[in-house]
Amino acid sequence: MSKIQVAIIGAGPSGLLLSQLLHTRGIQSIVLERHTREYVEARIRAGLLEWGTVDLLNQAGVGARMMREGLAHDGVELAFDCSAHRIDLKALTGQRVMVYGQTELQKDLADARTGSGGCIVWEAKDVAIDDFAGRTARVSYTQRGERLDVNCDFIAGCDGYHGVTRASVPQHAITLHERVYPFGWLGILADVPPVAAELVYTNHARGFSLCSMRSRTRSRYYLQCPLDDDIDSWPDERFWDELRLRLPEKYGSRLITGPSIEKSIAPLRSFVAEPMRFGRLFLVGDAAHIVPPTGAKGLNLAVADVRVLFEAMVDYYRSGSDTLLDEYSSRALARVWNATRFSWWFTTLMHRFSDETIARKMQLAELRYIGESPAAAAAFAENYVGLRFR
Ligand code: APR
Ligand code: PHB
């Protein structure tokens, strides 16, 4: 049986970033990932980073390509009533956001870990966390048919919503909070120039739309759609026609279309598991919480968890103190609940939930209020760029 300081389950952004940060302080970890590297890197996810996320990626030494290729945005547009209203994030908060696809970040993280001799086991099957309540913890997995055990000080459950770590916690010890939304997001990626220089979130009577991007030549667009829609019922032409209908005229008229290179429908959910620590097991990122994508908080929250856990582990290995480890769950959850509230609120503000005219009238009243009141715009901007770390 081998021994390592930290066993990390899952090689998504949470697991790889934690491993990389620990490496910068000489703390050793093993990362166990169920899938192949190719599979993990092919997943298309959101692409908007808070500046706190950018800073931590730079601190971890994985930010060079992001700083070169990412697009820093000073503002964002909210469209309704047939026109777009710009929220000047920089003027309202002093902060910007960075557009950089998670797919690229995932590659940068894996390159950095591999380049510095990090131990990532791809295709680790049947990962089991057998023991995490005592003085040490144990993880076992199968690699090329061989069953292996690892003893460790801590387990980081970075294995996403469908992972094994949260599921291993006894039911009586964990509380799950969940809301499922009655629609999905149909997303496409296409090699066409983005319709606007900044992101455009639109509330339209036909449903929500979002114009985002990956670069100056690659666009990422989304439409609210019924959850049970079949992807085959959305040929590219139908997608472009519907997007055009939902955009303010100044954008609809200049939308450049082209063949999609990816197209998928994703459900929307708010989910939080409490607490986020169970003895030697720490839940991180999607393993502990999911937000709907309106506002792109998912990856940023995962990175914020990693920051808190990393600081606690560094403190433990430097001074032997458990204090920050003991505070992990409450510190992480404070930010999680803020982002859960904001993502729910922004989703509720922008989507069509029913035919009720009163619901839509109230959405429009609130959007006009954000457009007219600097205080309301500032409250939106402060959450959108990410609340300050405490
Ligand atoms: N054993 C090993 N690995 C597992 C297991 C398991 N039983 N179950 C899941 N995994 C792996 C998945 O294959 C995946 O690569 O854990 C990884 C989890 O990665 P993500 O789902 O990307 O979660 P996380 O790293 O927390 O990333 C933060 O926030 O909202 C999102 O889009 C955002 O994916 C991003 C996430
Ligand atoms: C994306 O670019 O995929 C994206 C951007 C902002 C969001 C959601 C998704 O709120």
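Atoms within a ligand are numbered from 1 in the order they appear, just like the ligands themselves.
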**Item:** Numbered atoms of ligand 2 (with element) below 4.0 Å of Arg220, judged on heavy atoms
**Value:** 3 (O)
**Asked** Atoms of ligand 2 less than 4.0 Å from Leu199 heavy atoms?
**Response** 5 (C), 6 (C)
**Prompt:** Does ligand 2 have a heavy atom under 4.0 Å from the side chain of Leu210, from its backbone, from both, or from neither?
**Reply:** side chain
**Fill in**
Checking heavy-atom distances from atom 4 (C) of ligand 2 to each of Ser212, Gly298, Ser343, Ser219, the winner is Ser212
**Best match, Asp286, Leu283, Ile9, Leu299: closest heavy atom to atom 23 (O) of ligand 1** = Asp286
**Fill in**
Quick look: Leu301 vs ligand 1, heavy-atom contacts under 4.0 Å, and the answer is neither
**Asked** Under 30°, 30 to 60°, or over 60°: which ring-plane class applies to Tyr317 and Phe154, parallel, tilted or perpendicular?
**Response** perpendicular
**Fill in**
Of Gln102, Gln106, Glu123, the residue with the heavy atom nearest atom 35 (C) of ligand 1 is Gln102
**Request:** Using a strict cut-off of 4.0 Å, indicate which atoms of ligand 2 neighbour a heavy atom of Ala46.
**Result:** 1 (C), 3 (O), 9 (C)
**Prompt:** Among Tyr384, Tyr222, Tyr201, which one has a heavy atom closest to atom 7 (C) of ligand 2?
**Reply:** Tyr201
**Prompt:** For ligand 1, does Asp159 get within less than 4.0 Å through its side chain, its backbone, both, or neither, judged by non-hydrogen atoms?
**Reply:** both
**Request:** For Ala302, take its heavy atoms, then give the atoms of ligand 1 lying under 4.0 Å from any of them.
**Result:** 28 (C)
**Request:** Using distance alone, determine whether Arg43 and ligand 1 share an N or O pair under 3.5 Å.
**Result:** yes
Name every donor-acceptor pair, under 3.5 Å, that has one atom in a side chain of residues 44-53 and the other anywhere in the protein, sequence neighbours excluded.
from, atom 1, to, atom 2, distance (Å)
Glu50, OE1, Arg335, NH2, 3.2
Glu50, OE2, Lys297, NZ, 2.7
Thr53, OG1, Asn300, OD1, 2.7

**Asked** Taking both backbone and side-chain atoms of Val127, is any N or O found less than 3.5 Å from an N or O belonging to ligand 1?
**Response** no
**Message:** Which option wins on minimum heavy-atom distance to atom 18 (C) of ligand 1: Gly10, Cys158, Ala46?
**Reply:** Cys158
**N or O contact, Glu33 vs ligand 1, cut-off under 3.5 Å** = yes
**Complete:** In terms of its nearest heavy atom to atom 24 (P) of ligand 1, the top option of Ser14, Gly12, Gly157, Gly285 is Ser14
**Asked** Which bit of Arg34 is near ligand 1, meaning a heavy atom under 4.0 Å away: side chain, backbone, both or neither?
**Response** both
**Prompt:** Between Ala91 and Asp88, what is the shortest heavy-atom contact and its length?
**Reply:** N-OD1, 3.0 Å
**Item:** Charged N-O contact under 4.0 Å between Arg238 and Asp241
**Value:** no
